[in-house]
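To keep things clear, I will list the structure first and then write my remarks on it.
Treat the numbers as computed from the prediction; the structure is a model and nothing was measured. Below, chain A is the first sequence line, B the second, and so on; all start at residue 1.
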There are 2 protein chains.
Amino acid sequence: MKATMKDVAKLAGVGVGTVSRVINGVRVKDSTLKKVNQSIQELGYEPDIYARGMKTNRSNTIALIVPTIWHPFFSEFGFHVEKELKALGYKIFLCNSTGDPAVEDEYIQMIKQNKVDGIIGITYTDIDKSVSSDIPFVSIDRHFTSKVTIVAADSKQGGEIAFNELNKRGCQHFAFVGTHQDKESETKNRRIYFEKSARRAGKKISILDFEEPIIDFENQVQKFFIDNPTIDGLFGINDFLAMDVMKELEKLGKRIPEDIQVIGFDGVKLSEEREYLMTTIRQPLETMAKVAVEQIMNAINGDPIDYKTIIPVTFIEGSTTKN
Amino acid sequence: MKATMKDVAKLAGVGVGTVSRVINGVRVKDSTLKKVNQSIQELGYEPDIYARGMKTNRSNTIALIVPTIWHPFFSEFGFHVEKELKALGYKIFLCNSTGDPAVEDEYIQMIKQNKVDGIIGITYTDIDKSVSSDIPFVSIDRHFTSKVTIVAADSKQGGEIAFNELNKRGCQHFAFVGTHQDKESETKNRRIYFEKSARRAGKKISILDFEEPIIDFENQVQKFFIDNPTIDGLFGINDFLAMDVMKELEKLGKRIPEDIQVIGFDGVKLSEEREYLMTTIRQPLETMAKVAVEQIMNAINGDPIDYKTIIPVTFIEGSTTKN
DNA sequence: CTGAAAGCGCTAACAT
DNA sequence: ATGTTAGCGCTTTCAG
């Protein structure tokens with residue numbers, strides 16, 4: 001049978017309150033501290049966090065909601081979030097929403113029933129409607145109408161950098177390839193400010209912005225580049241899409257970076273020790289995770305929070321641009 | 001204030017026991033069922049899983065321990081495990097051990113304190129010593145001395161297939177590049193049976209098996225291929241290592257698959273909808289996840305379990321072999 | 001079929 | 001500084 005606080009108290013010859021104090025680091029007399037600790041050792045006592053939760057109404061658990069942990073962008077983010085939270089003594093429920101609102105609702109219900117202290121989520125549905133306003137929620141990238149805290153990489157800056165770096169490398173005809181949904185998200189600024197920068201510089205620019213879900217990707221991409229044969233600088237809304245486009249470019253006999261230079265977005269790596277896949281704008285996922293955790297902690301503790309944190313991105317030079 | 005079972009009982013004019021029965025799907029009179037459900041609706045009542053856990057000593061939570069969720073092999077596995085578990089009403093604690101025994105111990109402690117019902121783990125330390133024998137543990141790939149359940153892909157078959165496929169494609173001088181630790185793991189069979197198959201067929205074979213951690217990888221790989229210039233068929237212990245070797249091969253001016261054909265292991269994909277990176281032996285991660293979950297459920301429910309399940313692998317043809 | 005009541009192991013308020 | 005005690009919200013006998 002597992003030892004309880006009562007057992008420890010009896011063995012140490014003290015009251016349960018004193019054991020509780022020891023467990024929670026409240027000052028007690030040195031001699032009693034010694035006695036209690038010894039009894040804890042002797043019995044192999046482990047506190048029951050559920051019982052504690054009953055009293056405190058806290059679980060020290062955060063739910064991490066991502067579309068799919070399989071994708072390296074989310075798995076890297078998840079890795080960092082878990083690391084930060086663990087250091088603070090928090091556990092993390094992994095939730096793969098698959099972008100399905102019904103699934104998200106199930107998770108929300110689970111969260112309500114399990115005393116989950118807060119949510120860190122990357123989601124593009126109107127999840128804010130189901131999550132009651134009293135549970136702290138930090139959203140990545142996506143804006144919500146209500147007062148949900150948002151943390152995001154600086155997509156505006158990213159779009160501008162992408163243009164500048166391509167421009168610096170001699171590109172004359174710029175292109176953007178992306179995808180979007182109707183939701184308000186920081187992501188959109190990648191296209192907007194890339195385009196703005198090009199126009200401001202008086203450069204030619206062509207846009208291929210898919211509405212999700214994408215249909216007939218191959219043909220549309222090929223047609224786009226056949227219709228615009230002078231394109232020599234491409235900015236993709238994320239690394240994977242940029243890679244998919246490059247594959248089509250290859251089929252068209254275009255060489256990279258000789259004929260077309262390509263910059264992606266995200267700075268995805270396939271694991272901590274691997275390299276970036278291409279020239280890209282890196283999202284500072286580790287910092288974003290840190291800030292997200294910081295904000296959720298502030299919210300949990302009733303401290304003031306920043307409703308919006310935008311974090312600078314960095315340019316990563318790879319093999320898909322010249323120089 | 002959140003509604004409790006008592007509130008529901010009062011509103012419905014029944015006892016709390018009856019509400020509990022309704023929640024748990026125990027038969028009650030139709031008329032009372034209706035009353036209770038209506039009160040639940042009206043109050044927006046959500047059961048408190050912690051309170052339930054206090055009584056039942058169950059949390060419906062499983063801990064998933066992986067070295068790092070960042071790596072696509074583990075993140076794909078985690079994705080599938082979470083999906084299976086969710087369908088059964090289980091939650092999942094994400095644990096990144098980073099391969100550090102000290103970190104694993106912290107997780108074990110957390111697990112003991114949080115009524116975690118079982119562990120699914122990919123770990124190469126002697127974790128079995130810390131985890132008390134009464135908590136169900138399913139291990140992936142790694143053998144333990146004690147009676148821990150193990151689920152693994154068929155590395156023996158994988159090694160044989162790798163040889164056969166390279167042989168079929170005309171290779172004459174075979175090579176294996178891998179890494180290993182001293183722990184007993186299914187993984188080792190990849191080398192053993194690849195080598196065995198080659199010897200049995202009377203083919204020349206060279207082995208480069210690194211002890212972890214790897215030092216001076218580049219030089220050692222280059223030296224290996226310079227010393228063995230006739231190698232024309234390579235089997236890598238996993239996809240990423242195979243890719244790293246290919247990079248060195250490129251530096252040596254070797255073309256793939258023209259000069260050297262390469263087969264990896266794992267069948268890593270960067271997300272559900274993406275393609276395999278190379279010719280490879282795919283581990284059936286989805287099936288492995290299913291079996292792992294099945295076994296853990298059996299263990300939790302006290303049903304008989306299989307102490308060892310080896311699951312067939314499949315050959316995936318990619319661009320790093322001829323044909 | 002259902003109400004009443006006894007805890008599960010802990011924390012926190014109240015005494016001393 | 002520390003012992004005592006009242007619950008937290010639920011499940012589960014035990015009666016009826």
Heavy-atom nearest nucleotide on DNA chain C for A:Met54 versus B:Thr32: which residue maps closer to 5'?
B:Thr32
Spacing of [X] atom [atom1] relative to [N] atom [atom2], expressed in whole Å:
{"X": "B:Ile49", "N": "D:dC10", "atom1": "CD1", "atom2": "C1'", "value": "10 Å"}
{"X": "A:Lys6", "N": "D:dG3", "atom1": "NZ", "atom2": "P", "value": "15 Å"}
{"X": "B:Asp48", "N": "D:dG7", "atom1": "CG", "atom2": "P", "value": "18 Å"}
{"X": "A:Arg58", "N": "D:dC8", "atom1": "CZ", "atom2": "C1'", "value": "16 Å"}
{"X": "A:Lys35", "N": "D:dA1", "atom1": "NZ", "atom2": "P", "value": "15 Å"}

Does the side chain of B:Thr149 pick up a donor-acceptor pair with the side chain of B:Gln295 at under 3.5 Å?
no
Answer yes if the side chains of A:Ser39 and A:Gln41 hold a donor-acceptor pair under 3.5 Å, and no otherwise.
no
In terms of side-chain geometry, is the basic nitrogen of [X] or [Y] positioned less than 4.0 Å from the acidic oxygen of its partner?
{"X": "B:Arg27", "Y": "B:Asp30", "value": "yes"}
{"X": "A:Asp126", "Y": "A:Lys183", "value": "yes"}
{"X": "B:Asp48", "Y": "A:Lys115", "value": "yes"}

Give me each pair satisfying salt bridge (charged side-chain N to carboxylate O under 4.0 Å, His left out) with a member in residues 78-103 of chain B, each pair once, sequence neighbours excluded.
A:Glu106-B:Lys86
Report, as a single string ordered 5' to 3', how protein heavy atoms within less than 4.0 Å touch nucleotides 11-16 of chain D: B base, S sugar-phosphate only, - not at all.
BBB---
Should the pair A:Arg142 and A:Phe144 be classed as cation-pi, given the thresholds of under 6.0 Å to the six-membered ring centre and 45° from the axis?
yes
Range on DNA chain C touched by chain A, heavy atoms, distance below 4.0 Å
C:dG9 to C:dA13
Interatomic spacing from OG1 in B:Thr123 to CD1 in B:Ile140 - rounded to 0.5 Å
11.5 Å
